[in-house]
Every structure is written in structure tokens, then in C-alpha cells.
2 protein chains.
Amino acid sequence: MIWVRISRFTSHSNQLSNEFLNRFELTIAQFDVLMQVRIHQPLNQTELAEKVTVTQGGISRMLARLEKEGYIVRKQDWKTKSIRLTPKAEAILERAFPEQSAFQSSFFDEVLSEEEQKTLYALMTRVHKHSLRKELPPE
Amino acid sequence: MIWVRISRFTSHSNQLSNEFLNRFELTIAQFDVLMQVRIHQPLNQTELAEKVTVTQGGISRMLARLEKEGYIVRKQDWKTKSIRLTPKAEAILERAFPEQSAFQSSFFDEVLSEEEQKTLYALMTRVHKHSLRKELPPE
DNA sequence: CTATTTCACTTGATTAGTCAATTGATAGGG
DNA sequence: CCCTATCAATTGACTAATCAAGTGAAATAG
């Protein structure tokens, strides 16, 4: 019951974020990846995949698209590929980041008090961390 | 910050649910659709699309797959198509539903008290309902 | 009674992801 | 010096979704 609520909310708010990011010609998945690169660059694909919770294969395809669009460059660096933003992506993120941040927070601060937001964050953190340790039940 | 937590949790728990439902040869998306059909059958595609928060096109493809696998039947019924479960799907859901329910709840009740779960549900409900009314900010 | 609108559904092109098999390069062991 | 294990990344086959254009049937207007 909680689970369904959370997942319907996530799917709906992803749709809204996609619509919103449209004005920067980005999708939410691309924005997410670019932000992680911005924070941690230079980094390799394996590290990035972990940060955005996607498989190696998934990140490989995503980066191929982002490279084709000129948002990132991949340089074979010893045995891994090191990823960096292009100036084009830096410029877009500089405008998009504060706006997308504000949009995301508005989902919560338009309807919950500061106190309630803290509670929600704390509860979700516990649930999330627990899920990372979780094993599948036996057959 | 809250938003990222929630969406990372959703993506991780979806992955676990997919792994879990593997034993019934279902994905989480298929399970979700089949459950909505089970609860509301017979219904048409537009109604179903709304219930699972997917577009018309999305539900059309999903049902095509489910029909090919023999889980549902679509009967042209006047101008709409009415959807029903096959006995095969009924049988699978009878086993899968309680197990998947328990698995989903375990994400929360292994780590939160009854009281905390109520709080989380109430907060998420408010946030979700608010998001449904939400408009995009002006450009 | 045809002509247009409307509604339900489908489909082509694209994004985003999974898994599993494969490629490519480096590091060591024999 | 070659052979193999290992690690990073890619790729083929697939599921799942979106948007926008297209189809087909029924409803309504002229």
C-alpha cells in the first residue's frame, strides 16, 4: 500500500520533471547522469553506473547518446574511460540545475512543513538503506 | 534531496521485485497490470491505462505482450476492447499476490514501527495528491 | 445519406533500461 | 614469451515506456 503510493508518485513526478526539463532539451535520466558527472568528474563508467543505479550496459548506451549529442567526452585513459562534461553541458547545467532543484523541492515544500519534510526524509532514508541490505526470501 | 532518495529507493526496490517475481515468470510491470485487471475486470484499455499511470500506447503494447503469453484476452466489445484474465493468469496471481504483497510490505515493516509506517503513508499520500494537481512553472 | 468529428486503439521512431555473451587490454604465472 | 585470468566496456536480444501520427468505427451535423 505504501509501496504503490511511492511508486505512483515517483512515476508521476518523473513525468512532470521530464516535461519541465524539456525546456533545456534534457530528460530526467540525462540530467541525473550529467549531474553525477559534474559532481564527480573525471570518473569512469563503472563508478558512474553505481552512482545512478544503472547497469554497466545501461550506462554504456546512455553515454553513447550523450556523447553523440555533444554533452560529454570519453577518453580512453589507461584501461578505463574517463568521462568529462563538455563546455556545452556545463553551460546548460548552470542554468538547469537551480531550476530543476527548485522544481523538485516544490513537490514537498508546497505541502509539508519543514518538520514533516525532515521526518519524511529520515523515514525514507531508513527504508532505502534497509532495502540495500535486503536479500530475496527463499523460494 | 528527498526526491533523489525516493527515486533511488523506487528503482532499487523495483529491481528486487523483478528478481522476486521471476519465480512466477512475471515482471513487476506485468504483475501491476494483471492485478489491476483482476480487481476491475472487465474494463477497457483507457481505464486500465489510467489505473497504472501509463499512456494509451504503453498499455496497448503491454497488453499485446500479455495476450501473446496467454495471460489475458481482449474482446472487441462495441467500440472498446474489454479485458479479462485467463484462467492461467488467475491461477498464477492466486499464488503470486500474497507472496508479492508480503515481500513489498517487508521493505517497510522490517525497519519501521507501525506508527512510523502510518506517518510515512500519510506524508506520501499528501505529497502524491499534491503532485497530481501540480502545474509546470512558467518558462 | 454522405461528410466530419470524435473516441479507442495501434504503430513507428526513440529513449531507457535489463541480462548475458563478447571484445580488448593489462597483469601475472609458468 | 606466451597463456590465462581479470576487469572495463560494448553489444544483441529483449521489456517497457513516451510522443505523435495513423486507423477504424460510431455519432452527429448538414
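This structure is a prediction, so every number in the text was calculated from the model and none was measured. Below, read A as the first sequence line, B as the second, and so on, with proteins coming before strands; counting in each chain starts at 1.
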Measure from [atom1] on [X] to [atom2] on [N] and round the result to the nearest Å.
X	N	atom1	atom2	result
A/K75	D/dA9	NZ	P	14 Å
A/Q45	D/dT11	CD	P	11 Å
A/L16	D/dT18	CG	P	13 Å
A/R74	D/dA9	CZ	C1'	9 Å
B/N22	D/dC14	CG	P	17 Å
B/Q30	D/dT15	CD	P	8 Å
B/L26	C/dT18	CG	C1'	17 Å
B/E19	C/dA20	CD	P	10 Å

Worksheet entry | Any donor-acceptor N or O pair under 3.5 Å, side chains B/S106, A/K134 | yes
Which distance, rounded to the nearest 0.5 Å, do you find between the [atom1] of [X] and the [atom2] of [Y]?
X	Y	atom1	atom2	answer
B/R95	B/Q100	CZ	CD	13.5 Å
B/L123	A/L123	CG	CG	7.5 Å
A/Q117	B/I2	CD	CD1	4.5 Å

Worksheet item: How is B/N18 classified with respect to the nucleic acid when contacts are heavy atoms under 4.0 Å: base, sugar-phosphate, or nothing?
Response: nothing
Worksheet entry | Candidates B/R74, B/E50, B/K81 - the one meeting side chain to side chain donor-acceptor pair (under 3.5 Å) with B/Q45 |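 For B/Q45, the side chain to side chain donor-acceptor pair (under 3.5 Å) check succeeds only for B/R74.
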Discussion item. Can you tell me if B/T46 touches the phosphate of C/dC9, counting only side-chain N or O atoms and a distance under 4.0 Å to OP1 or OP2?
Written reply: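 Answer is yes, contact under 4.0 Å.
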Worksheet item: For B/Q15 and C/dT18, is the shortest distance between a side-chain N/O and OP1 or OP2 below 4.0 Å?
Response: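 Result: yes.
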Discussion item. Under 4.0 Å between a side-chain nitrogen and a carboxylate oxygen: does that hold for A/E69 and A/K88?
Written reply: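 A/K88 and A/E69: not salt-bridged.
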Discussion item. Taking A/K51 first and then A/D32, would you say they form a salt bridge - that is, a charged N and a carboxylate O separated by under 4.0 Å?
Written reply: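 Salt bridge absent between A/K51 and A/D32.
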Worksheet item: Heavy-atom count around B/Q76 CD within 6.0 Å, excluding the residue itself: above 12?
Response: yes
Worksheet entry | Any residue of residues 49-69 of chain A with a heavy atom less than 4.0 Å from an atom of DNA chain D |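 Within this stretch, A/Q56, A/G57, A/S60, A/R61 sit under 4.0 Å of the strand.
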Under 3.5 Å between N/O atoms: give me all the protein pairs with nucleotides 23-28 of chain C, atom names plus distance.
none

Discussion item. Can you see whether A/F97 has A/R38 sitting over its ring - NZ or CZ less than 6.0 Å from the centre and within 45° of the normal?
Written reply: yes
